[in-house]
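What follows is one structure encoded as structure tokens, with my remarks underneath.
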Amino acid sequence: EGAKVVAGARTIAGLDGLEDLPLVVLTATNPSPRRLRQQEEATRLSSTGVHRIARNSGHWIPVDEPELVIESVLEVVRQARSPRTQATAE
């Protein structure tokens, strides 16, 4: 499943990476070593990628830690709206 996430992200990107597009990857508590590697690989798709472990979550991070999801979405929106990101998108 994790490999599909990384492959899907690469397909969406249409290249080897997302350049400097904002990206936050959230991982549930205690991922397997394989899953952790996959999530870290997904994070590296963007030069601005951030990887966060949801310390109090199982599989359903939005249910277990909605505040972390909200913070992460807001961070991506702030980065997307920043003049630096807009300048590189043009």
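None of the values given here were measured: they were computed from a predicted structure.
For R37, the side-chain contact (heavy atoms from CB on, under 4.5 Å) partners are P33, R34, not counting sequence neighbours. Under the rule for a side-chain contact (heavy atoms from CB on, under 4.5 Å), the partners of S46 that lie at least two apart in sequence or sit in another chain are L18, L23, T48. For T43, the side-chain contact (heavy atoms from CB on, under 4.5 Å) partners are V25, H51, not counting sequence neighbours. By the salt bridge (charged side-chain N to carboxylate O under 4.0 Å, His left out) test, E75 pairs with R52, sequence neighbours left out. In this structure P31 satisfies the side-chain contact (heavy atoms from CB on, under 4.5 Å) test together with T27, R35, L36, sequence neighbours excluded.
Hydrophobic cluster membership of L68, counting Ile, Leu, Val, Met, Phe, Trp and Tyr whose side-chain heavy atoms lie under 4.5 Å apart directly or via other members: V24, L26, V50, I61, V69, V73, V76, V77. Residues V63 make up the rest of the hydrophobic cluster containing W60, defined by ILVMFWY side-chain heavy atoms closer than 4.5 Å, directly or through other members.
For the salt bridge (charged side-chain N to carboxylate O under 4.0 Å, His left out) condition, no pair includes a residue of residues 23-32, sequence neighbours left out. Residue pairs meeting the salt bridge (charged side-chain N to carboxylate O under 4.0 Å, His left out) criterion with at least one partner in residues 60-70, sequence neighbours excluded, do not occur; the list is empty.
Looking at S57, its side chain never comes within 3.5 Å of a backbone N or O of A28 through a donor-acceptor pair.
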